[in-house]
Amino acid sequence: GNMSSAKKVFDEMIERSSVSWTALIDGYVKAGNLSVAKGLFDLMPEKDTAAYNVMIDAYVKLGWMGLARSLFDAMPERNVVSYTSMIDGYCSSGDLGEARLLFDTMPERNLFSWNAMIGGYCQNVQPQEALRLFHELQAQSNFEPDDVTVVSILPAIADLGTSELGNWIYHYVRRKKLDSSSNVCTALVDMYAKCGEIEKAKSVFNDIKVKVTSVWNALINGLAINGLAEEALELFLEMKHQGIEPN
RNA sequence: GGGAGCAUUACCAUCAA
């Protein structure tokens, strides 16, 4: 995040590749300085796809889909990153139709693009569509769900309250050793609790080797929403007893 | 043969609206 040093090095360079331009532009974007980023982008002599992608994603994260779309349409060549950024943006703005249109028409997809579309349905509370795409990912693509896919899909299953699907994910997680991710574990505990399977939630919790705060939170909340207030309080005390800081 | 720039999950909890 040290933009003044980055700029200094950049200014001292004899030759600047498109990689150095793009790295600097993205630095300004991530530092929240869009106007400087845009100024550099406009100055950049030969803008390649990655440079356009950085600017598109900057607009996307601000929710400015009109500007993002203008660049997307204007750029000479679009790659899978360009499409995935746009899909992410449309999903975040609630325009699932436009997102899906891009997803269906993009020349090639990777796991990022699948995850973006699946996550989009989840966050717009369309768990059934999310699950349909999740199955399609496994049946009709060369990719396998990863920890990101699982963390996206579990809240959708929790919304539906159907733990049979959750059980399938649970076994998948164990088979693929995805339970080394705290986010995956947290999402599993949460899912079982929201499906009313509090014993299963506890059992998943107990199997977790390294319990970070969010895992404790998930089970404490799970006990609470299942009417087990006393157990929730006990677990909270146990957590403090073990030296885990409540947040 | 190797390497540098861009996209997807973190809501699980709390607080705020």
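Order of the sequence lines fixes the chain letters, A, B, ..., with proteins taken first and strands second; residue numbering starts at 1 for each chain. As the structure is a computational prediction, the values presented were derived from the model and not from experiment.
Applying the side chain to side chain contact (heavy atoms under 4.5 Å, CB included) test between I244(A) and each of V212(A), V215(A), T213(A) identifies T213(A) as the sole match.
Heavy atoms of N247(A) sit under 4.0 angstrom from at least one base atom. Using a 4.0 Å heavy-atom cutoff across all strands shown, K211(A) reaches no nucleic acid atom at all. Residue K30(A) is classed as a sugar-phosphate contact, given heavy-atom separations below 4.0 Å to backbone atoms only. Base engagement by A50(A) is indicated by at least one non-hydrogen atom pair under 4.0 Å involving a base atom. Within the nucleic acid shown, P155(A) comes within 4.0 Å of sugar-phosphate atoms alone, with no base atom in reach, counting heavy atoms only. Using a 4.0 Å heavy-atom distance criterion, D146(A) is classed as making no nucleic acid contact. Among the heavy atoms of the strands lying under 4.0 Å from S18(A) is at least one base atom, whether or not backbone atoms are also near. Residue N221(A) is classed as a sugar-phosphate contact, given heavy-atom separations below 4.0 Å to backbone atoms only. Across all strands shown, S214(A) has heavy atoms under 4.0 Å from base atoms, whether or not it also approaches the sugar-phosphate.
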Starting from the C-alpha separation in whole Å, work towards a yes-or-no answer on ring-ring contact (aromatic ring centres under 6.0 Å, His included) for F103(A) and Y83(A).
CA-CA 8 Å; F103(A) 182 79; Y83(A) 278 91; over 10 Å; no
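As a whole-Å value, the separation of L188(A) CG from U9(B) C1' is 14 Å. If you measure from atom CE of M55(A) to atom C1' of C6(B), you get 12 Å, rounded to the nearest angstrom. Look at NZ on K61(A): it is 12 Å from P on C6(B), rounded to the nearest Å. Summarising the geometry, the separation between CG on D190(A) and C1' on U14(B) is reported as 14 Å, rounded to the nearest angstrom. Between the P atom of U8(B) and the CE atom of M106(A) lies a distance of 13 Å, rounded to the nearest Å. Between the NZ atom of K176(A) and the P atom of U9(B) there is a distance of 23 Å, given to the nearest Å. A straight line from CH2 of W114(A) to P of A7(B) spans 22 Å, rounded to a whole angstrom. We find that CG of D179(A) is positioned 18 Å from P of C12(B), with the value rounded to whole Å.
Comparing A7(B), G5(B), U8(B) by their nearest atom to the side chain of V81(A) picks out A7(B). For D26(A), whose side chain is taken as the heavy atoms from C-beta onward, the closest listed nucleotide among U8(B), C6(B), C12(B) is C6(B). The A23(A) side chain lies nearest to G5(B) when the options are G5(B), U8(B), U9(B).
Judged by distance alone, with hydrogens and angles left aside, the side-chain atoms of N124(A) form a donor-acceptor pair with the main-chain N or O of G120(A) at under 3.5 Å.
Two residues are said to be in side-chain contact when any heavy atoms from C-beta on lie closer than 4.5 Å; N53(A) and M75(A) meet this criterion.
Checked against the 6.0 Å centroid criterion, the rings of W216(A) and F205(A) qualify as a close aromatic pair.
C11(B) and C15(B) are spaced 14 Å apart, taking the C1' atom of each and rounding to whole Å.
In summary, the side chains of D57(A) and S85(A) do present a donor paired with an acceptor at a separation below 3.5 Å, with no hydrogens or angles considered.
Between the side chain of N53(A) and the base of G5(B), no donor-acceptor pair under 3.5 Å is found. Not a single donor-acceptor contact under 3.5 angstrom links the side-chain atoms of N79(A) to the base of A7(B).
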